[in-house]
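What follows is a single structure, written as structure tokens, with notes after it.
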Amino acid sequence: MKLISANWKMNITPSQTKEYIIKFLPLIEDVKDREILLCVPYTSLCIASEMLKGTNVKLGAQNVYYEQKGAFTGEISVSMLKDLGVSYVIVGHSERRWIFGEDDEAVNKKLVACLDGGLRPILCVGERLDEREAGLTYKVIETQIRIALSSLENYTDMIDIAYEPVWAIGSGNPATPEDAQAVHRFIKNVLEDLNKNYQGMTRVVYGGSVNVHNAGEFMKMPDVDGLLVGGASLDPKTFSQIVKSF
Ligand code: 13P
């Protein structure tokens with residue numbers, strides 16, 4: 001099933017989460033043929049989890065730490081998320097990488113922890129503008145995937161991947177659907193190369209300046225298996241239109 005996901009980033013308080021979900025659920029209640037996911041801030045997980053129980057909307061977190069428990073002030077473990085009914089977690093978002101210094105090795109440890117703990121990770125990959133201009137897009141993405149999945153080669157079916165070109169995030173300047181298609185096909189080729197038994201269960205979703213006008217165009221591409229939406233997911237009506245755009 002296609003995956004249409006919101007990433008609220010550091011927006012929307014717990015009380016605003018309640019208002020959002022009250023408005024959002026009736027708008028998408030008939031949608032059964034695609035997976036709908038809200039990746040909310042940690043502080044909203046509790047209320048969202050209560051409100052989404054028994055609905056067609058899944059709950060995701062935006063980050064996780066790789067240790068199981070202990071003296072890691074400010075961090076959140078896989079089991080804490082699982083206990084709240086979280087099904088997905090975004091790992092290695094470019095904002096984590098470039099603002100908080102998360103490297104490919106840390107991303108790998110987080111993926112190991114998620115798969116050990118039964119949480120489905122959405123691994124984010126994508127090139128910066130300077131890398132794209134230097135013709136390094138494919139090399140950067142292949143390196144990110146190979147390091148992130150090292151020792152996990154046999155588990156490629158248990159993750160989803162978001163292709164989010166860094167220059168397209170929050171810029172109003174999305175990749176073209178054709179560019180996204182080419183990179184998504186390449187990502188699937190890398191997965192096939194990594195795992196000879198790969199079953200093709202990894203969805204490769206696109207993120208970066210997705211809006212109501214372009215969402216349907218991305219979804220026409222054969223290897224675009226969904227969307228990860230930042231800014232345009234902050235309004236429940238707009239996000240419901242994106243969910244129903246194809
Ligand atoms: P925007 O949709 O705001 O460009 O953000 C994309 C993103 O980073 C989703 O994870």
Side-chain angles (χ1 to χ4, degrees), residues 2-12 16 20 24 34-42 44-45 48 57-64 86-102 107 110-111 114 119-129 131-132 137 140-141 144-145 148 159-177 179-180 183-184 187 202-219 221 224-246:
K2 307 286 186 197
L3 174 65
I4 308 300
S5 175
N7 175 8
W8 290 355
K9 308 191 179 182
M10 197 176 75
N11 296 289
I12 308 190
Q16 291 166 340
Y20 184 111
F24 184 61
R34 57 205 68 182
E35 214 166 359
I36 307 170
L37 175 65
L38 297 181
C39 296
V40 308
Y42 286 144
S44 290
L45 285 173
V57 180
K58 297 226 168 86
L59 182 61
Q62 301 171 10
N63 187 25
V64 67
V86 170
S87 334
Y88 287 87
V89 60
I90 297 172
V91 173
H93 191 280
S94 73
E95 286 146 19
R96 302 281 341 150
R97 294 174 188 262
W98 302 116
I99 302 173
F100 300 101
E102 211 169 283
V107 170
K110 290 182 176 196
L111 291 182
C114 288
L119 198 55
R120 192 168 177 103
I122 302 173
L123 165 66
C124 296
V125 298
E127 80 287 1
R128 296 191 316 253
L129 186 59
E131 293 166 333
R132 183 178 189 81
T137 299
V140 166
I141 285 162
Q144 287 174 337
I145 292 176
I159 67 164
D160 294 306
I161 293 185
Y163 170 52
E164 299 207 316
V166 180
W167 47 270
I169 295 177
S171 65
N173 176 32
T176 64
D179 275 350
V183 175
H184 286 214
I187 289 171
T202 303
R203 286 164 298 187
V204 183
V205 306
Y206 171 77
S209 296
V210 171
N211 59 37
V212 271
H213 308 293
N214 61 26
E217 297 303 308
F218 282 108
M219 293 308 298
M221 297 290 129
V224 175
D225 306 314
L227 302 167
L228 184 53
V229 186
S233 75
L234 298 178
D235 174 68
K237 183 153 183 275
T238 307
F239 186 54
S240 75
Q241 287 167 340
I242 291 176
V243 167
K244 295 196 267 193
S245 64
F246 60 98

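We count residues from 1, following the sequence as given. Just follow the structure's listing: the first ligand is 1, and inside any ligand the first atom is 1. From a predicted model like this one, the values you see are computed outputs, not experimental measurements.
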Which heavy atom of [X] sits nearest to which heavy atom of [Y], and what is that distance?
{"X": "Val205", "Y": "Leu3", "result": "CG1-O, 4.0 Å"}
{"X": "Ile122", "Y": "Ala162", "result": "CG2-CB, 4.0 Å"}
{"X": "Thr202", "Y": "Ile159", "result": "CG2-O, 3.2 Å"}

Practice task
Measure up the Tyr206 and Phe218 rings against each other and bin them: parallel (under 30°), tilted (30 to 60°), perpendicular (over 60°).
Solution key: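 Tyr206 vs Phe218 ring planes: parallel.
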Against heavy atoms of [X], which atoms of ligand 1 measure under 4.0 Å?
{"X": "Gly208", "result": "4 (O), 6 (C)"}
{"X": "Lys9", "result": "5 (O), 6 (C), 7 (C), 8 (O)"}
{"X": "Leu228", "result": "9 (C), 10 (O)"}
{"X": "Gly170", "result": "1 (P), 3 (O), 4 (O)"}
{"X": "Ser209", "result": "1 (P), 2 (O), 4 (O)"}

Which protein non-hydrogen atom lies closest to [atom], naming both residue and atom, and how far is it?
{"atom": "atom 2 (O) of ligand 1", "value": "Gly230 N, 2.9 Å"}
{"atom": "atom 9 (C) of ligand 1", "value": "Glu164 OE2, 2.9 Å"}
{"atom": "atom 3 (O) of ligand 1", "value": "Gly231 N, 2.8 Å"}

Exercise for the section: Report yes if some heavy atom in the side chain of Tyr20 is under 4.5 Å from a heavy atom in the side chain of Val40; otherwise report no. Expected result: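 A side-chain contact under 4.5 Å is absent here.
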Practice task
Using a 4.0 Å heavy-atom cut-off, say whether Asn7 meets ligand 1 through its side chain, its backbone, both or neither.
Solution key: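 Answer for Asn7: side chain.
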Practice task
Using only heavy-atom distances, determine whether the side chains of Glu164 and His93 contain a donor-acceptor pair under 3.5 Å.
Solution key: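 Yes, because at least one side-chain N or O of Glu164 sits under 3.5 Å from a partner of the opposite role on His93.
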Practice task
May I ask whether Ala232 has any heavy atom positioned less than 4.0 angstrom from an atom of ligand 1?
Solution key: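 Per 4.0 Å heavy-atom rule, Ala232 does not contact ligand 1.
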Handout entry: Partner set under side chain to side chain contact (heavy atoms under 4.5 Å, CB included) for Ser87, not counting sequence neighbours
Key =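 By the side chain to side chain contact (heavy atoms under 4.5 Å, CB included) rule, Ser87 matches Lys58.
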